[in-house]
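Heads up: the structure comes next, in structure tokens.
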Number of protein chains: 2
Amino acid sequence: MADSQELRKAGLKATLPRIKVLEVLERSKLHHMGAEDVYKILLNAGEDIGLATVYRVLTQFEGARLVTRSNFEGGHSVYELNHGNHHDHILCVKCGKVDEFVDDVIEKRQRDIAAKAGYILTDHSLNIYGVCADCQSAAEQAQSIL
Amino acid sequence: MADSQELRKAGLKATLPRIKVLEVLERSKLHHMGAEDVYKILLNAGEDIGLATVYRVLTQFEGARLVTRSNFEGGHSVYELNHGNHHDHILCVKCGKVDEFVDDVIEKRQRDIAAKAGYILTDHSLNIYGVCADCQSAAEQAQSIL
DNA sequence: ATTTTAGATGAAAAAGATTCTCATTATCAT
DNA sequence: ATGATAATGAGAATCTTTTTCATCTAAAAT
Ligand SMILES: [Zn+2]
Ligand SMILES: [Zn+2]
Ligand SMILES: [Zn+2]
Ligand SMILES: [Zn+2]
């Protein structure tokens with residue numbers, strides 16, 4: 001199977017838990033998944049993989065650049081396959097939907113800011129929070145009913 | 001005392017724990033403080049204020065717009081007095097130093113991105129991580145010794 | 001194919017940050 | 001001063017993530 005090779009190419013042993021977690025990330029309709037999400041899917045699929053292993057595997061995948069991790073407010077982290085296209089996130093505070101965006105101007109400004117402050121940039125995290133279009137119309141609905 | 005009035009103006013009862021926490025935020029040399037930081041300072045000052053109360057008070061202060069809260073990687077949150085000047089943070093991954101910056105271009109782009117995505121913007125969080133100038137020279141020192 | 005061995009896993013405990021519970025106490029309008 | 005209302009302290013609880021350690025397994029060596 002291709003996943004085994006991908007794991008070895010990344011310098012990781014092709015163990016069953018790693019293959020299964022990678023499959024979940026590839027096949028799930030959710031683009032951004034928390035460790036708990038992955039764990040539950042594996043449980044439902046009858047796989048006997050512990051939550052601690054899911055965390056370990058996801059952390060290793062991050063180290064191997066197979067996935068990226070994003071930390072949102074409230075201590076909730078999500079992982080997604082790394083397709084090499086860096087992006088930031090905009091998410092709905094009502095329903096939890098997560099959208100993505102890329103803004104080259106912001107990216108460049110961040111590099112300039114780091115340089116000006118004398119820092120060697122290693123990472124950055126930009127999250128925009130708001131109410132999505134769906135939740136806005138849902139709120140209007142509720143209003144008209146009252 | 002002025003702090004009591006400030007608390008009432010913010011719609012909060014002027015209780016002793018609130019006054020003491022506010023004093024710590026005003027007087028500490030640290031501009032960005034975690035709940036634990038505040039708690040330890042109060043302990044050392046001989047105040048009998050529980051950690052749970054510090055958390056509660058800081059959360060209330062945030063609701064009352066007296067302070068702002070920032071969440072950094074690794075589940076570490078810090079509070080600072082709200083002087084009305086919104087800013088973002090750039091921090092050193094080696095020593096933990098926290099610097100601030102404001103970039104109007106980035107701020108505007110974020111508003112545009114939210115609008116374009118159909119979101120009503122409620123908040124955003126931008127943190128830049130890097131190695132500060134001090135830690136860079138420290139690393140060079142270590143190199144030259146080896 | 002079997003053995004070997006370094007590395008990986010599962011289960012449960014631990015950790016770290018924050019919130020909740022609830023009996024007790026303090027604030028502030030009357 | 002008094003009472004209604006809200007706040008506090010201490011510890012338990014929660015939630016996410018990490019660690020421990022005995023057991024197991026992938027891949028290299030025989
Ligand atoms: Zn929504
Ligand atoms: Zn994404
Ligand atoms: Zn530094
Ligand atoms: Zn700040």
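Chain identifiers are assigned alphabetically (A, B, ...) following the order of the sequence lines, protein sequences preceding nucleic acid strands; residue numbering begins at 1 within each chain.
- Contacts between chain A and DNA chain D, taken as any atom within less than 4.0 angstrom of a protein heavy atom, begin and end at D:dT16 to D:dA27.
- Note that NE2 of A:His31 is 10.0 Å distant from CG of A:Leu25, once rounded to the nearest 0.5 Å.
- Between the side chains of A:Arg56 and A:Thr53, at least one donor N or O lies within less than 3.5 Å of an accepting N or O.
- Between B:Asp104 and B:Lys108 there is no salt bridge, since no side-chain nitrogen of the basic residue lies less than 4.0 Å from a carboxylate oxygen of the acidic one.
- The separation between A:Lys13 atom NZ and C:dT5 atom P is 14 Å, rounded to whole Å.
- Put simply, CG on A:Asp103 and CZ on B:Arg109 are 4.0 Å apart, with the number rounded to the nearest 0.5 Å.
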Notebook entry, point to check: Could you walk me through whether B:His86 and B:His124 pass the ring-ring contact (aromatic ring centres under 6.0 Å, His included) check?
Noted result: CA-CA 11 Å; B:His86 166 76; B:His124 73 93; 4.8 Å; yes
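- Using a 4.5 Å heavy-atom threshold, the side chains of B:His76 and B:Val78 count as touching.
- Straight-line distance from the NZ atom of B:Lys20 to the P atom of C:dA26: 15 Å, rounded to whole Å.
- For the pair A:Ile49 CD1 and C:dA12 P, the computed distance is 17 Å after rounding to whole Å.
- Atom CZ in A:Arg18 sits roughly 14 Å away from atom C1' in C:dG10 (whole-Å rounding).
- Under a 3.5 Å cut-off, the side chain of B:Arg69 and the backbone N or O of B:Ser77 do not form any donor-acceptor pair.
- B:Gln60 has its CD atom 14 Å from the C1' atom of C:dT27, to the nearest Å.
- Side-chain contact between A:Leu7 and A:Leu66 is present, with heavy atoms from C-beta onward closer than 4.5 Å.
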Notebook entry, point to check: Which parts of nucleotides 16-25 of chain C does protein reach within less than 4.0 Å, heavy atoms only, written one letter per nucleotide 5' to 3' as B for base, S for sugar-phosphate only and - for none?
Noted result: -SBBBB----
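- Across the protein-nucleic acid pair, A:Leu42 atom CG and C:dT9 atom C1' stand 14 Å apart, rounded to whole Å.
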